[in-house]
Q: 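Starting off with a structure, shown below.
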Amino acid sequence: MNLQTEINKRRTFGIVSHPDAGKTTLTEKLLLFGGAIQVAGAVKSNKIKKHATSDFMEIERQRGISVATSVMAFPYRNLQINILDTPGHKDFAEDTFRTLTAVDSVIVVIDVAKGVEEQTEKLVEVCRMRKTPIIVFINKLDREGKDAFDLLDEIETKLKLKVTPLSWPVGMGQDFRGVYSLYEKKFIHFLPHGKQDGEEVIKIDSIHDDRLIKIAGERLHNQFKSDLETVHGIYPEFHQQDYLDGKICPVFYGSAVNNFGVRELLDCFVEVAPTPKSRETEERIVDPHEPKLSGFIFKIHANMDPKHRDRIAFFRICSGEFKRNTNYHHVRLNRDLKFSNPTSFMASRKEVIDEAYAGDVVGLYDNGNFKIGDALTEGENLHFKGIPRFSPEIFRYVDNADPAKFKQFAKGLEQLMDEGVAQLFIKEDSQRKIIGVVGALQFDVIQYRLEHEYNARCSYEPLQLHKALWVHCDDYKKLEEFKQRRKKDLALDKDGKLVLLADSAWTLRLVQENFPDIRFSTSSEMQ
Ligand code: G4P
């Protein structure tokens, strides 16, 4: 099959949600449809248990297992579907942010009773910044929840997304009868628990169809008719291009655990979702259909087994074809590397592959050559944009606790930062090292791994900071003046970019007022 056909077959996306909304369940149902797994539970058992919040070793162990399910590829209707798993656990939010740089679209799962939750807001903000096309799946319709219109309002206000429903629920909770697909003009009847598939599809030509009235009963049917009128009055018609441009998000209703509404979601997804998108580099825009290989590392996973020091670097192919045992140019190191065991991930098993195409993600065994954001090409020097770091939320000073092991400490810290476990800042005045994380768990992870993998020890000192903000200014003189006056609040990130460490929201406001020509952003890439 030729290169263009292969690339056009790829649909690479991520499923994101606040923990417990049903991401794992939905993923599993999609894999069942794709034949990638045979029984429910295969993905679930790999999920990071939500109760294990204080036991990071257990979490790391589970993360180790979940490498296998980090990317789940399966064929569906002559397409190659790649689902990139995103850890729902809040303390791994950075991991999720980075994974979002490697997808072409996203499905957001929302719990009908809880509505839009905090974690979802943050993740969608990243998608919005990148104009990633989004489909929303409102889950757990078998339970009592919020009114369908209220939910759409909430999505529009909290997530700042324009929506258009492509399915509409008839009843909810105890009264849930099914959904009407506005996209395919059919009614999907919800069957009570215990059935293999929780749905029965009924083709209807009109919403006045007798069968629908019989299933819904008069009250629900009247409600449904009036809802539908409102829907047509308020929400725009669905146009694929608006969705692809990130201007409108189609919304589906269903119940993942009952396998209800999932096939409709998948069938619409494969019709409308984008093929691999172009990617920006500092040098030029890379088109996926270019024959030469290019791509970047978006995630690195260390092996927790001390006997096997290797790591797996996740490489998103942005253009061309990747071949096993072929030399590729590592741009940052200016060196050629070849890979004898590149792996693809097929649900719960890993497989060595001979070739892969733009849109795919390949696992590369690595013993320290890769950092997040590194590019591989066929010789061209490309630097992919859009792999930002975000302001951490918790900070501590980190010091070497064993003077005899300084080298090990420095190396360990550097490698852990390359993996993206946390962010390191060096203060401009004192040259002290500061670690910033999204979840406090990472401090334990760093301490443990320094000790067990690098034979080094660290100590922490608390530090009260509000935010780290990247500083941007085109006017050299004004920037220098700012640097002089705020030196005690400044640091460099590990790429040498200037960062303001604001100790409170008040300080931040004050600095912004005093230096109107300086721009401060919560991500290392400008927004
Ligand atoms: P997550 O990955 O987003 O964290 O969520 P996950 O799929 O693990 O689902 C969280 C809980 O919600 C699970 O229950 C799951 O069974 C349930 N769930 C998922 N979809 C639906 C749905 O459509 N309706 C209802 N009523 N529940 C749903 P749990 O009790 O935490 O786990 P389990 O013991 O059922 O496995």
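Counting starts at 1 for both ligands and their atoms, following the listed order.
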Q: Quick one: look at D142 and ligand 1, take heavy-atom pairs under 4.0 Å, and tell me if it's side chain, backbone, both or neither.
A: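 Looking at D142 and ligand 1, just side chain atoms fall under 4.0 Å.
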Q: Going by the order shown, which atoms of ligand 1 are within less than 4.0 Å of some heavy atom of K23?
A: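 Atoms satisfying the 4.0 Å criterion: 1 (P), 2 (O), 3 (O), 5 (O), 7 (O).
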Q: Which atoms from ligand 1 have a heavy atom of P19 less than 4.0 Å away?
A: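 Every atom of ligand 1 under 4.0 Å from some heavy atom of P19: 4 (O).
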Q: Would you indicate whether the side-chain heavy atoms of F315 and P342 approach each other to under 4.5 Å?
A: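 A side-chain contact is absent here, since even the closest heavy-atom pair is not under 4.5 Å.
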Q: Sequence neighbours excluded and cut-off under 3.5 Å, please list the side-chain donor-acceptor pairs for residues 167-175, or say none.
A:
residue: S167; atom: OG; partner: Y253; partner atom: N; Å: 2.9
residue: W168; atom: NE1; partner: D227; partner atom: OD2; Å: 3.1
residue: D175; atom: OD2; partner: R219; partner atom: NH2; Å: 3.1

Q: Could you tell me whether some N/O pair between N139 and ligand 1 is separated by less than 3.5 angstrom?
A: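 Yes, there is a polar N/O contact under 3.5 Å.
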Q: Residues two or more places apart in sequence or in another chain: which of them pass side chain to side chain contact (heavy atoms under 4.5 Å, CB included) with K131?
A: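 Side chain to side chain contact (heavy atoms under 4.5 Å, CB included) list for K131, sorted by chain: empty.
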Q: Going by the order shown, which atoms of ligand 1 are within less than 4.0 Å of some heavy atom of T25?
A: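 Selected atoms, number and element: 6 (P), 7 (O), 9 (O), 15 (C), 19 (C).
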Q: Please check if the side chain of E117 supplies one atom and the backbone of H18 the other of a donor-acceptor pair under 3.5 Å.
A: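 Not confirmed, E117 side chain does not pair with H18 backbone.
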Q: Does the N or O separation between G254 and ligand 1 drop below 3.5 Å for any pair?
A: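 No, no N or O pair falls under 3.5 Å.
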Q: Does the Lys NZ or Arg CZ of R316 fall within the cation-pi geometry relative to F298 - under 6.0 Å from the ring centre and within 45° of the axis?
A: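 Verdict for F298: no cation-pi partner in R316.
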Q: Which of the atoms of ligand 1 are close to S255, meaning less than 4.0 Å from one of its heavy atoms?
A: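 Near S255, the atoms of ligand 1 are 22 (C), 23 (O), 24 (N).
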Q: Do any nitrogen or oxygen atoms of A256 come within less than 3.5 Å of a nitrogen or oxygen of ligand 1?
A: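 For ligand 1, there is an N or O atom that lies under 3.5 Å from one belonging to A256.
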Q: Between the side chains of Y357 and N8, does any donor sit under 3.5 Å from an acceptor?
A: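 No pair is found: no donor N or O on one side chain lies under 3.5 Å from an acceptor on the other.
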Q: For ligand 1, indicate whether the residue K140 contacts it via side chain, backbone, both or neither (heavy-atom separation under 4.0 Å).
A: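 K140 to ligand 1: contacts from backbone and side chain alike.
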Q: How many angstroms lie between OH in Y76 and CD1 in I81, if you round to the nearest 0.5 Å?
A: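 Spacing of OH (Y76) from CD1 (I81) equals 8.5 Å.
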Q: Where's the contact between S17 and ligand 1, heavy-atom distance under 4.0 Å: side chain, backbone, both or neither?
A: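 Side chain only.
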Q: Does A21, backbone or side chain, put an N or O under 3.5 Å from an N or O of ligand 1?
A: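 The answer is yes, given that A21 and ligand 1 share an N or O pair closer than 3.5 Å.
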Q: For R143, take its heavy atoms, then give the atoms of ligand 1 lying under 4.0 Å from any of them.
A: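 Reading through ligand 1 atom by atom, the close ones are 26 (N), 27 (N).
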Q: Out of I83, V106, D104, which residue meets the side-chain contact (heavy atoms from CB on, under 4.5 Å) rule with F13?
A: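 It is I83, the one option of I83, V106, D104 that forms the side-chain contact (heavy atoms from CB on, under 4.5 Å) with F13.
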